[in-house]
Every structure is written in C-alpha cells, then in structure tokens.
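Read the structure below first, then the notes.
Only this structure's heavy atoms are used, side chains among them; waters, hydrogens and symmetry mates stay out.
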Amino acid sequence: EAIDYKTLEVSFEWGLVKLRQRGVLKDVCLEISGVTNADGEHQIKINGQGVGLTDAPFILLLRLIQGAMTEKDRWVAVKDLTDENIITESGLYQGIGRFKEKFEPYLPDRNIDNLIENGQKRYRLTSSVTSILYDRKKLTSHENGRVQDIAKKLPQRRRNKSANGLIIYY
C-alpha cells in the first residue's frame, strides 16, 4: 500500500497545531540570515530575538531545518548526522545537550520540546515549516563549506503576499 506523504506531513503539522492549541507546544519562529558577526558567530533569530551560534550548533540546526524541509517525515537519523560528521556518535549526547542549552533560554516556557523532538535515534524540529525562514542565497555562498553543502539541499522559498496582506513563504 502506497503511503501518501503529503497527507502524512499534513497530519504531523495538524498534530502540532492541536498541541499548540492546547498549550502543550508553542510555535517557534526561526530566521536564518546567513550572516556571521565579527566574532565568527552565525546570527539567527528565535522568535525575533537575536542569537549568535558557533559552528557546531548552527550546522546542526541547519541540518535539522534541511530535514524539516525535505524529508517526508521530517526526521533526521543520528546515523545521518554522524555519517555527515555533524556530530560524533561518542559526542552525540554532549552535542545535542549543548544545542538544547543554547536554545532553551529563547524558547516559550524555556521548553526545548517547543523546538526539537527526539525518538528512536533520530531528531526533528517541531516548528511549523512556515515558521522557518532562511536566506538560501547567502547560505549557499557562505564562507563555511559545510554550511554551503547543507544550504544547497534546502528548497528555494518563494515569498508572496496572502489575500490578507501577510507575507507567506512556501
């Protein structure tokens, strides 16, 4: 029996919507500019708050964004992260722990579940794909080759105005 992945994605998104409606999860808006400051930190915004990330958490975030945008179930396997040298198997928990520590202060209720979910040796972002904004052009021409490689796999985002005047990306 064929799996309708579009329905599966909608189902996952709907499940998140329901959790947000009940107050269990709150959506997190991520903005990835592709800009690096003088200290070498990658500038991103989490719910409008500026945050500087060093290479390791930034590359992990970017890879999770790639998974959210391109994988049918949004999951990124730990094996893929280790095969791509984003994290090492021996440093998995330390790397994910540092990632969580960096983001927690900026999340609603300081709850990391508002950003990342883990299960059976895999991770995925819980943010709606419409809440993830990035500048693909800057990322594909970034000075860091690993950032470029991941960015090239990100889909182009189109920017449109909806009927009610809101800017939407799809």
Side-chain angles (χ1 to χ4, degrees), residues 1-32 34 42 44-47 51 53-104 106-136 139-140 142 144 146-157 169-170:
E1 178 181 335
I3 298 172
D4 180 356
Y5 290 109
K6 189 169 189 166
T7 302
L8 185 66
E9 172 65 19
V10 169
S11 174
F12 173 71
E13 289 287 335
W14 180 248
L16 291 177
V17 166
K18 291 304 234 182
L19 288 172
R20 288 185 192 104
Q21 286 174 342
R22 290 191 317 212
V24 176
L25 285 181
K26 295 178 175 66
D27 206 13
V28 174
C29 182
L30 296 170
E31 298 175 55
I32 314 299
H42 306 274
I44 70 164
K45 287 186 180 179
I46 303 171
N47 290 334
V51 180
L53 296 177
T54 57
D55 280 346
F58 181 72
I59 290 170
L60 177 57
L61 174 64
L62 205 55
R63 181 59 181 89
L64 291 173
I65 289 172
Q66 179 200 342
M69 300 306 226
T70 62
E71 302 296 329
K72 56 190 167 271
D73 59 1
R74 301 170 50 119
W75 289 107
V76 178
V78 169
K79 182 175 178 0
D80 293 339
L81 296 173
T82 57
D83 288 352
E84 296 167 20
N85 294 318
I86 292 172
I87 54 175
T88 62
E89 200 163 328
S90 63
L92 169 67
Y93 298 110
Q94 183 180 19
I96 295 293
R98 286 185 180 155
F99 179 85
K100 289 178 176 182
E101 281 176 13
K102 185 66 179 179
F103 284 91
E104 232 169 11
Y106 304 97
L107 298 173
D109 303 327
R110 297 179 61 92
N111 181 356
I112 195 65
D113 293 337
N114 285 312
L115 180 65
I116 189 172
E117 176 183 12
N118 69 325
Q120 300 178 3
K121 296 189 176 189
R122 55 192 186 159
Y123 291 89
R124 69 177 166 194
L125 293 177
T126 56
S127 287
S128 165
V129 292
T130 58
S131 297
I132 301 171
L133 310 175
Y134 52 82
D135 188 330
R136 187 176 183 274
L139 290 168
T140 56
H142 197 277
N144 184 316
R146 293 173 74 191
V147 170
Q148 289 176 17
D149 292 342
I150 295 169
K152 288 174 186 172
K153 297 173 186 171
L154 291 171
Q156 289 279 6
R157 304 289 305 267
Y169 291 84
Y170 62 95

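Although no hydrogens or angles enter the test, the distance criterion places no donor-acceptor pair under 3.5 Å between the side chain of Thr140 and the main chain of Ala151. In this structure a side-chain-to-backbone donor-acceptor pair under 3.5 Å is present from Arg124 to Asp73. In this structure, the side chain of Arg136 engages the main chain of Lys152 through a donor-acceptor pair within 3.5 Å. The backbone N or O of Leu154 lies less than 3.5 Å from no partner atom in the side chain of Gln66, so there is not a single donor-acceptor pair.
Within the model, atoms CG of Asn47 and OG of Ser127 stand 8.0 Å from one another, a figure rounded to the nearest 0.5 Å. To the nearest 0.5 angstrom, Leu139 atom CG is 12.0 Å from Asp149 atom CG. To the nearest 0.5 Å, atoms CG (Asn144) and NE2 (His42) are separated by 6.0 Å. Annotation: the span from Leu125 atom CG to Met69 atom CE amounts to 9.5 Å, rounded to 0.5 Å. Residue Leu81 holds its CG atom at 11.0 Å from CD of Glu89, rounded to the nearest 0.5 Å. A distance of 11.5 Å separates CD in Glu117 from CG in Leu64, rounded to the nearest 0.5 Å.
Summarising the geometry of Arg146 relative to Ile86, their closest heavy-atom pair is NH2-CA, 3.2 Å, with the distance given to 0.1 Å. Between Pro155 and Thr70 the shortest heavy-atom distance is CD-CG2, 3.9 Å. In this structure, Tyr123 and Leu92 approach most closely via the heavy-atom pair CE1-CD1, 4.3 Å. Lys102 and Val51 make their closest contact through CE-CG1, 4.0 Å (heavy atoms, listed as atom of the first residue, atom of the second, distance).
Listed by chain and number, the residues in a side chain to side chain contact (heavy atoms under 4.5 Å, CB included) with Phe103 are Ile44, Ile46, Leu53, Leu61, Phe99, Leu107, Ile112, Leu115 (sequence neighbours excluded). For Thr88, the side chain to side chain contact (heavy atoms under 4.5 Å, CB included) test picks out Ser90, with sequence neighbours left out.
Proximity of Leu60 to Ile96: side-chain heavy atoms (C-beta onward) are separated by under 4.5 Å at one or more points. With contacts defined as side-chain heavy-atom distances shorter than 4.5 Å, the pair Thr82/Ile87 qualifies. Between Gln120 and Trp75, every side-chain heavy-atom pair lies at or beyond the 4.5 Å cut-off.
Legend: salt bridge (charged side-chain N to carboxylate O under 4.0 Å, His left out) pairs involving residues 75-87, not counting sequence neighbours, sorted by first then second residue: Arg63-Glu84, Lys79-Asp83.
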**Test log, rule side chain to side chain contact (heavy atoms under 4.5 Å, CB included), inputs Leu30 and Tyr134** = CA-CA 8 Å; Leu30 296 170; Tyr134 52 82; over 6 Å; no
**Message:** Show, in sequence, the C-alpha distance, side-chain angles and deciding distance for Val147 and Asp55, and conclude whether the side chain to side chain contact (heavy atoms under 4.5 Å, CB included) test is met.
**Reply:** CA-CA 9 Å; Val147 170; Asp55 280 346; 5.8 Å; no
